[in-house]
Every structure is written in C-alpha cells, then in structure tokens.
There are 2 protein chains.
Amino acid sequence: MAAQVDHEERRRQIAEALLRIADTQGLQAASMRAVAAEAGVSLRLVQYYFTTKEGLLLDALARLGVQLQARMAQWISAAGTPPTPRSLMTAVLSCILPTDPESRRITRTYAAYYTLVLSDPALVEKHGTPQPDLLEGFLAQQIRAAQQAGEIDAGRDPGMTAAGLLAMVNGLGSSVLGGQRTGDAALAILAHCLDELFGSP
Amino acid sequence: MAAQVDHEERRRQIAEALLRIADTQGLQAASMRAVAAEAGVSLRLVQYYFTTKEGLLLDALARLGVQLQARMAQWISAAGTPPTPRSLMTAVLSCILPTDPESRRITRTYAAYYTLVLSDPALVEKHGTPQPDLLEGFLAQQIRAAQQAGEIDAGRDPGMTAAGLLAMVNGLGSSVLGGQRTGDAALAILAHCLDELFGSP
DNA sequence: CACAGCATGATACGGGTGTACCAGGAAAGC
DNA sequence: GCTTTCCTGGTACACCCGTATCATGCTGTG
C-alpha cells in the first residue's frame, strides 16, 4: 500500500473550505479551483476525493447540517434544568437566528444553498432534507405540552403555530442577513411573540 | 436619424426575458447570451441597451419591484369596501405568498436576487430598497388602528408584531418555494395567526 | 440626393469553468 | 528487490462567460 492518509480528515478539510467560501463569497464563487486554494491543496486532490462537483456540494451540505444539529443540541442542553417547553422553544428558535458569528455563518451558508436548490431541485431531492419537518414536529410537541400545562391557550393549533413560528424565525434570519435588521432586534421580536404565545400579562 | 425604435419597449422586453430566466432557472443561468436568446434578439442588442450586465440586473430588479407594487395595490383595492385594518393586512400579507402563478414568479425571482445581494451587497446598496420597511410601517399602522378600534389587544407592540408577521410570511414563502409546503397550507397558517391576533373566539 | 447618426449584426479576446488524462513517487506485501 | 496499489502533481480540453471592436445597415433631415 501507499502513504495511508486519513481520508475523512482530508474530505472534511476540503468540504469546510467550500463552506467557508460559500459563507463569505457565496456558492457561485466556490469553484473547484477556489476550493482547492482555500483548502491549501491542489485541484487534483479535490477531484480525487470528490469526483464531481455535485458530490462536493452535497457532502459539504451534509456537514453543514451536522454542524447545525450539533449547535441545536448544545443550545437545547443549555435550556435550563429542568427544561420547560418555553425554554426549549426559546432555545431552538433563537439558536437558528443569526446573532453570533457561528449562527451567521451557518445561516448564510444555508441561504447560499437555498437558491441553488431552487434552481436545481433534483440536487437534494434524492438526498432528502428531513430537518425542517422534524423541527416543526418538535416545536408542535412542546406547544402541546405547554397547552396541557395550561401555559398556552388550548384553542391554538399546535402544528400551525409551530409552523408559523419557524417560518417567522426563518424570515427574521433573512432580514438580518440582508442587513435590514440587527440580530438583537430579531431576538427581541421573537421574544415578543413568545411572550404573546405564553400568556405573560 | 435612423430607424427610431421604442427604446423603453425594447428594454422592457429584454429585462423581462431576464426575469423569466431568473424565475425558471435561477439568476446564475441568466447570462447575456441566454437573455438575448430568450428575448429573441442578438447578444449585441442586449449590450446596446444595457451596456453592462450589472445595469441589466438592476433594471430588471427595479421592474420586478414595480410589478410587485402593482400587484399589492391591486390586492389592496380588492380588500373590500370599506377596507378594514384586518382585510388590508390579510390582503397585503397573502398577496406576497406564492399561491398563484404570478406570485410564485415574483417570489421566486426575488429569492434569486436575494442571494445575489448577499454575496455582493454593493449591488443594491446605492440603489436602495425601501420596500420592506415601508410595508412594515404600513402593517404597524393598521395594527395601531385595529388596537384603537378594540380589535387587537392593546398590549401588543405594533412594530414588533408587524415585523413578526412580515417575517413569517417571508419564511412561509420560502418553504412553499422549497416545496415543503403548499401555497394553501401557508395561507391557512397565515389565517390562523391573524385569527389569533384579532380575537376570534 | 446625400449625409449624418442611430441601430444592429458578426466576430474576437482574454479569462474562468468542470472534467479528463497522463505521469510519477512513496509505502506495503511478496 | 520488485511489484502493486494508493496517492498526488501538472496539464490539456472544450465550453461558456462578459465585454470590445469593426462593419454595415436603415432612416429621417438638410
């Protein structure tokens, strides 16, 4: 055999270079050569580990998803002891908002992928993106729990309320990235909505 | 003089070809040559009427803004007689949602521009985008009016509620374009939120 | 009628893109 | 030691991009 190299580490290095470019300059600037330069390797290496560009894009997207998932798990675990439905929802929703550098990076990179998928839906269709629906289900579950505890008006539809909240946070994130709003302002709006949802007189 | 041609008409024809491509294939597919082919003119003509590609992009974006504005004006004028704050808000918000072909087109094209601006903020900065803030102000004003009429709880912050609603509609639109939700489902969620905002027992 | 000027067509240039091909070197197994 | 396999570097190929240049129409005015 030859100089055995940690393939996974190399792939990670290259994929993260792609994500770094997607974050700072957008995905259309993430050419094979640019990724190679950013990762400090030769173009040939990028081709070797990811035969095609589509493979690289998909792999990097998967890693981005893992990063977001890790961040959310961390925020959930920091939601106080014991976690209440309200603290959990606050954690999950504000975790997605681009307030600190890491969330800005993740959100911006996801936004870069978003339009890519819009123009070429076949890219991710086979790959599947169960994340949003899972999140929505989790939120709906928390809402139901809060309703049984009498903290939320029982007349609300949990699914629709969850979907509305998640969509709002998405939209707030877009406006923050677009520079129309500050991250803290978005957080304040989210807090206001949660205050309204949980009766806080 | 030479064959005097309606310049504005030609510019419109070309710009709308650009918008059509941006809608169906994304902005990264909207090359000068593709726009020329879509508009049925030669590449040289596109260059003639819009010296540079940036000029073409900006002009088309401006036209898209006008189209959205016209659509909103139409929906507002169809908001019943006399228009109530609730009917106005419903009209404005559901007008943005991608439910019919026209709104799908507008929303998708705006989404295509969104990431372009994210990766190159200088493009639109000088050009200005007063639209969203105006809309937010309009919504806040309607909320205040409804509060004075006793239709909305006076404890709500009009600005934050307006911002939250607009962001939610934006996020709902994204999910519809992404195929995670149907346009009607998004409308139902919006209706549910408005029901909750205006006390409907 | 001729001329000036706007409108259009064809083509070229330099650069960037994804991918493919070919060669070579380094370590492990016989 | 030799070979086989894994890894890596360099380079080339088509193709598409935005823009510029040259040339040629056509038309309305003097």
Side-chain angles (χ1 to χ4, degrees), chain A residues 1-22 24-61 112-113 115-117 119-120 122-124, chain B residues 1-22 24-61 112-113 115-117 119-120 122-124:
Chain A
M1 297 292 182
Q4 282 296 4
V5 163
D6 188 343
H7 276 216
E8 166 55 24
E9 168 59 21
R10 276 242 190 269
R11 288 174 68 92
R12 194 191 60 80
Q13 174 186 1
I14 296 176
E16 292 205 339
L18 183 275
L19 292 181
R20 227 172 301 138
I21 294 181
T24 56
Q25 308 166 249
L27 264 182
Q28 80 283 5
S31 67
M32 290 292 221
R33 287 164 175 86
V35 170
E38 171 74 27
V41 300
S42 73
L43 167 62
R44 181 63 182 84
L45 269 199
V46 181
Q47 270 194 250
Y48 181 74
Y49 288 104
F50 306 92
T51 317
T52 175
K53 187 182 184 181
E54 175 177 325
L56 172 55
L57 284 171
L58 256 55
D59 185 87
L61 179 56
Y113 269 99
T115 50
L116 183 67
V117 171
S119 58
D120 184 11
L123 228 180
V124 205
Chain B
M1 297 288 184
Q4 282 295 5
V5 164
D6 190 341
H7 275 218
E8 166 55 25
E9 169 59 20
R10 276 245 191 268
R11 288 175 67 93
R12 193 191 61 80
Q13 175 186 1
I14 296 176
E16 292 204 341
L18 182 276
L19 292 181
R20 229 172 298 138
I21 294 180
T24 56
Q25 309 167 249
L27 263 182
Q28 80 283 5
S31 67
M32 290 292 223
R33 286 165 175 85
V35 170
E38 171 75 25
V41 300
S42 74
L43 167 62
R44 182 64 180 83
L45 269 200
V46 181
Q47 269 194 251
Y48 182 74
Y49 287 104
F50 307 91
T51 318
T52 175
K53 188 182 184 180
E54 175 176 324
L56 172 56
L57 283 171
L58 257 55
D59 186 87
L61 179 56
Y113 269 100
T115 50
L116 183 68
V117 171
S119 58
D120 183 11
L123 229 181
V124 204

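Below, read A as the first sequence line, B as the second, and so on, with proteins coming before strands; counting in each chain starts at 1.
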Worksheet item: Excluding sequence neighbours, so at least two apart, what forms ring-ring contact (aromatic ring centres under 6.0 Å, His included) with A:Tyr49?
Response: A:His7
Fill in: Watson-Crick and G-U pairing of DNA chain D, under 3.5 Å, as dot-bracket with | and [ ]
||||||||||||||||||||||||||||||
Send over the distance from [X] [atom1] to [N] [atom2], rounded to a whole Å.
X: A:Gln47; N: C:dG18; atom1: CD; atom2: P; result: 10 Å
X: B:Glu9; N: C:dA7; atom1: CD; atom2: C1'; result: 16 Å
X: B:Tyr48; N: D:dA20; atom1: OH; atom2: P; result: 15 Å
X: B:Glu54; N: D:dG18; atom1: CD; atom2: P; result: 13 Å

Discussion item. Which residues pass the side chain to side chain contact (heavy atoms under 4.5 Å, CB included) test with A:Glu38, not counting sequence neighbours?
Written reply: A:Ala17, A:Arg20, A:Ile21
Item to complete: Please list, chain by chain and in numerical order, all residues satisfying side chain to side chain contact (heavy atoms under 4.5 Å, CB included) with B:Ser42, sequence neighbours excluded.
Response: B:Arg44, B:Leu45
Item to complete: For DNA chain C, find the residues of residues 26-44 of chain B with a heavy-atom distance under 4.0 Å and give them by number; none if there aren't any.
Response: B:Arg33, B:Ser42, B:Arg44
Item to complete: Please list, by residue number, the residues of residues 12-20 of chain B whose heavy atoms come closer than 4.0 Å to an atom of DNA chain C; answer none if no residue qualifies.
Response: none
Worksheet entry | Short side-chain N/O contact to C:dA7 OP1/OP2 from B:His7, under 4.0 Å | yes
Discussion item. With a cut-off of less than 4.0 Å, is there a side-chain N or O of B:Thr52 near OP1 or OP2 of D:dT19?
Written reply: yes
Discussion item. Once you apply a heavy-atom cut-off of 4.0 Å, does A:Tyr49 come out as touching a base, just sugar-phosphate, or nothing?
Written reply: sugar-phosphate
